Amino acid sequence: MSLVGNKFPNIAIDAMSEMGDDLKINIFEEATKNEQKVLLFWYPKDFTFVCPTELHAFQEALGEFEKRNTKVIGASCDTNEVHFAWLNTPKDNGGIEGVTYPILADTHRQLANILGIVDQDFDFDEEGNEAYTGSNVTYRATYLIDETGKIFHEAVNDMPLGRNVKEFIRLIDAYTHVQKHGEVCPANWEEGKDAMKANRTSTAEYLASQNN
């Protein structure tokens, strides 16, 4: 079930800084107390394949998110110790050395289960015992949270599918435009392009302008 339009869960989770500090991070408070947007992205596991490409891609775009008053936070169900080992593994050896944003260590899957993004299911065997299936790690879920703690975007990719970081920047720009101007953003909207008023006349005028 989609969580868009709802407040992000108000819960603190263990995390690791790039300096090796053990942290507790509450995403809701990061947004509301610091009056900033938050991009939280989940990935399946440390020391895997697609995952380091994504963590480096978010790092490379970190300055663009900071310009937009947006804090980037990664997350998986690995421990802080595994995160720290990965942070100290060079990029050319599959590591994420150089990543500077914090990474949640939701080892008990407390937040991940609230969000419903863990690849796990269960049934009962012939003796009535629970039999679990799935990898018990998270899908590639991404949440954009505004300054009030409200989720304004969520997306969930299957394990093999890496994300397009530029799309999240576009979505933040679009949402910020809506916040500032009270307009709505049409398909493929980008910063600097025309938006619309939320009425039929404005929609008709916008569509007509696309034929010119």
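Everything numeric in this text was worked out from a predicted model, so none of it was measured.
- Of the charged side-chain nitrogens involved, none lies within less than 4.0 Å of a carboxylate oxygen, so that K45 and D78 do not count as a salt-bridged pair.
- Counting all heavy atoms, side chain and backbone alike, D194 lies closest to W189 at O-CD1, 3.2 Å.
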- Yes or no on side chain to side chain contact (heavy atoms under 4.5 Å, CB included) for F28 and I11, after CA distance, side-chain angles and deciding distance? CA-CA 7 Å; F28 179 82; I11 181 174; over 6 Å; no
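- Within the 4.5 Å cutoff, no side-chain heavy atoms of S76 are placed close to those of V137.
- With values rounded to the nearest 0.5 angstrom, N164 atom CG is found 10.0 Å from N157 atom CG.
- Distance check, rounded to the nearest 0.5 Å: CD1 of I151 to NZ of K7 gives 10.5 Å.
- No side-chain donor from either of D14 and N80 sits under 3.5 Å from a side-chain acceptor of the other.
- Under a hydrophobic clustering in which Ile, Leu, Val, Met, Phe, Trp and Tyr are joined whenever their side-chain heavy atoms come within less than 4.5 Å, directly or via other members, F41 and L144 fall into the same cluster.
- Rounding to the nearest 0.5 Å gives a distance of 7.5 Å between SG of C51 and CG of D46.
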- Task: Given ring-ring contact (aromatic ring centres under 6.0 Å, His included), test Y43 with W86 step by step and report yes or no.
- Result: CA-CA 14 Å; Y43 60 92; W86 205 26; 5.8 Å; yes
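- A chain of hydrophobic side-chain contacts below 4.5 Å, direct or via other Ile, Leu, Val, Met, Phe, Trp or Tyr residues, connects F47 to V99.
- The shortest distance between side-chain heavy atoms of R109 and Q120 does not fall below 4.5 Å.
- Under the side-chain contact (heavy atoms from CB on, under 4.5 Å) rule, H83 has a single partner from N88, I96, I103, L104, which is I103.
- Clustering ILVMFWY residues whenever any of their side-chain heavy atoms sit less than 4.5 angstrom apart, transitively, puts V4 in a cluster other than the one holding I172.
- Counting only distance, with no hydrogens or angles, the side chain of D146 and the backbone of T148 share a donor-acceptor pair below 3.5 Å.
- When every heavy atom of G20 is checked against every heavy atom of F84, the shortest pair comes out as CA-CE1, 3.3 Å.
- In the hydrophobic clustering of this structure, L115 groups with I25; members are Ile, Leu, Val, Met, Phe, Trp, Tyr whose side-chain heavy atoms approach within less than 4.5 Å, directly or through other members.
- A centroid separation of less than 6.0 Å is found between the aromatic rings of Y175 and F152.
- Side-chain contact check for E183 versus K197: some heavy-atom pair is nearer than 4.5 Å.
- Donor-acceptor pairing under 3.5 Å is recorded for the side chains of D119 and Y139.
- R170 and E64 are not joined by a salt bridge, as no carboxylate oxygen comes within less than 4.0 angstrom of a charged side-chain nitrogen.
- Shown here for V50 and G162, the closest heavy-atom pair between the two residues is CG1-CA, 3.9 Å.
- No donor-acceptor pair closer than 3.5 Å links the side chain of R163 to the backbone N or O of A57.
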- Give the C-alpha distance, both sets of side-chain angles, the deciding distance and a yes or no for ring-ring contact (aromatic ring centres under 6.0 Å, His included) between Y101 and F58. CA-CA 9 Å; Y101 49 81; F58 279 108; 7.0 Å; no
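- With contacts defined as side-chain heavy-atom distances shorter than 4.5 Å, the pair C185/K193 does not qualify.
- In this structure, CG on N26 lies 13.0 Å from CG on L23, to the nearest 0.5 angstrom.
- For F49, the CZ atom sits in a loose shell: 12 or fewer heavy atoms of surrounding residues, nucleotides or ligands are nearer than 6.0 Å.
- From L111, atom CG reaches atom CG of L40 across 7.0 Å, with rounding to the nearest 0.5 Å.
- A donor-acceptor pair shorter than 3.5 Å cannot be found between the side chains of E154 and T142.
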- Task: Decide yes or no on side chain to side chain contact (heavy atoms under 4.5 Å, CB included) for F168 and T70, but give the supporting numbers first.
- Result: CA-CA 11 Å; F168 301 115; T70 300; over 6 Å; no
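- The salt bridge (charged side-chain N to carboxylate O under 4.0 Å, His left out) with K33 is formed by just one residue from the set E29, E35, E30; it is E29.
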- Quick one: do E54 and V165 satisfy side chain to side chain contact (heavy atoms under 4.5 Å, CB included)? Show the steps, please. CA-CA 8 Å; E54 292 193 310; V165 173; over 6 Å; no
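- Atom CG of N199 sits in a crowded spot, with more than 12 heavy atoms from other residues, nucleotides or ligands closer than 6.0 Å.
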- Item | Stepwise side chain to side chain contact (heavy atoms under 4.5 Å, CB included) check, V38 with Y143 | CA-CA 8 Å; V38 176; Y143 296 87; over 6 Å; no
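- Between H108 and N113, the shortest heavy-atom distance links the atoms O-ND2, 4.4 Å.
- A donor-acceptor pair is defined here as one N or O able to donate and one able to accept, closer than 3.5 Å; such a pair exists between the side chain of Q59 and the backbone of T100.
- Heavy-atom minimum distance, H56 versus G95: NE2-O, 2.8 Å.
- A salt bridge does not link D158 to R140: none of the charged nitrogens lies less than 4.0 Å from a carboxylate oxygen.
- Salt bridge absent: E97 and K91 never bring a charged side-chain N and a carboxylate O closer than 4.0 Å.
- Each of V156 and L171 belongs to its own hydrophobic cluster when Ile, Leu, Val, Met, Phe, Trp and Tyr are linked at side-chain heavy-atom distances under 4.5 angstrom.
- What you find for L87 and M16 is that their closest heavy atoms are CD1-CG, 3.9 Å.
- Side-chain contact between T107 and C77 is absent, with no heavy atoms from C-beta onward closer than 4.5 Å.
- The distance from the CG atom of L39 to the CZ atom of R68 is 12.0 Å, given to the nearest 0.5 Å.
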